[in-house]
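Read through the structure below, which is laid out as structure tokens, and then see the notes.
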Amino acid sequence: MKLGILGTGKVAVMLSGAWRKAGHEITLGSRDPSSKNLGFEVTSLADCVSGADVVVNAILGSAALETVSAMDAELFAGKTVIDVSNATTPQFELTYSGSSLASRLQEALPSANVVKSMNTAAMSVVTRATIVPTNSLFLSGDSGDEARSCGPHQGPRMVG
């Protein structure tokens with residue numbers, strides 16, 4: 001599966017490593033791709049989305065909506081977007097009181113299926129699934145399509 005991960009920070013790199021180990025093709029998207037040397041292909045944000053089967057938002061939560069909203073929403077049409085970010089202030093207060101980043105992303109990307117997942121567990125556990133004998137990750141979205149596109153049998157899997 002071709003996974004496009006928006007962002008080049010610690011979360012993006014950890015997910016990239018685990019998914020590449022599981023056999024997925026990984027591309028990271030950056031506002032300044034020429035400045036990155038992370039051991040993964042790094043392209044522009046738009047090229048990252050265009051070439052991906054599934055897009056992962058790993059942009060800093062407080063900047064994600066503005067960054068994604070500046071892109072052409074049609075790039076995301078028909079794609080599943082997995083939002084792993086938490087939109088909090090430096091004081092760890094929620095940026096969108098009464099809403100969520102995933103909800104705001106869904107509004108900005110009406111032709112995409114936005115899924116919220118992997119934001120309630122430590123990435124060191126998420127990226128090494130076998131570290132905990134029995135584990136689950138929450139998954140939420142507005143339709144059943146995202147569950148089929150990133151569920152245990154069809155979505156990006158990680159190895160431990």
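These figures come from a predicted structure and were not determined experimentally. All heavy atoms count here, side chains included; hydrogens, waters and symmetry mates do not.
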Arg20 versus Gly39, closest heavy-atom pair with distance: NH1-O, 2.9 Å
Co-membership, hydrophobic cluster, residues Val11 and Leu38, 4.5 Å side-chain: yes
Distance (rounded to the nearest 0.5 Å) between Ser62 OG and Asn86 CG: 11.0 Å
Reported CG-to-CG distance for the pair Leu109 and Asn57, which is rounded to 0.5 angstrom: 9.5 Å
Shortest non-hydrogen separation from Lys116 to Asp83 and the atoms involved: NZ-OD2, 2.6 Å
Separation of Thr80 OG1 from Asn113 CG (nearest 0.5 Å): 5.0 Å
Contact summary for Ala112 and Gln106, nearest pair of heavy atoms: O-NE2, 2.8 Å
Distance, nearest 0.5 Å, that separates CD1 of Ile82 from CG of Leu6: 11.5 Å
Enclosure of Asn37 CG (heavy-atom neighbours >12, cutoff 6.0 Å): no
Candidate list Asp32, Asp47, Leu28, test side chain to side chain contact (heavy atoms under 4.5 Å, CB included), partner Val42, passing option: Leu28
Exercise: identify the closest heavy-atom pair between Thr67 and Ala63: OG1-O, 2.8 Å
Nearest atoms (heavy-atom pairs only) where Ala73 meets Ala108: CB-O, 3.6 Å
Lys21 (side chain) donor-acceptor with Ser16 (main chain) under 3.5 angstrom: no
Residue pair Met1 / Trp19, side-chain heavy-atom distance below 4.5 Å: no
Stepwise side-chain contact (heavy atoms from CB on, under 4.5 Å) test for Leu105 and Leu65: CA-CA 6 Å; Leu105 288 172; Leu65 182 60; 4.1 Å; yes
Heavy-atom closest pair, residues Ser30 and Pro33: O-CD, 3.4 Å
Salt bridge (charged side-chain N to carboxylate O under 4.0 Å, His left out) evaluation trace for Asp53 with Lys2: CA-CA 5 Å; Asp53 298 321; Lys2 293 180 181 181; over 6 Å; no
Distance in Å, Ile59 CD1 paired with Ile5 CD1, rounded so as to fall on 0.5 Å steps: 11.5 Å
Residue pair Phe76 / Val68, side-chain heavy-atom distance below 4.5 Å: yes
Check: Arg31 and Leu45 side chains under 4.5 Å, non-hydrogen atoms: yes
Side chain proximity check, Leu15 to Leu3, heavy atoms < 4.5 angstrom: no
Heavy-atom donor-acceptor pair, Ser111 side chain to Glu74 backbone, under 3.5 Å: no
Main-chain N/O of Cys48 paired to Thr27 side chain as donor or acceptor, under 3.5 Å: no
Donor-acceptor contact present, side-chain Thr95 to main-chain Ala87, <3.5 Å: yes
N/O donor-acceptor pair under 3.5 Å between Lys79 side chain and Val55 backbone: no
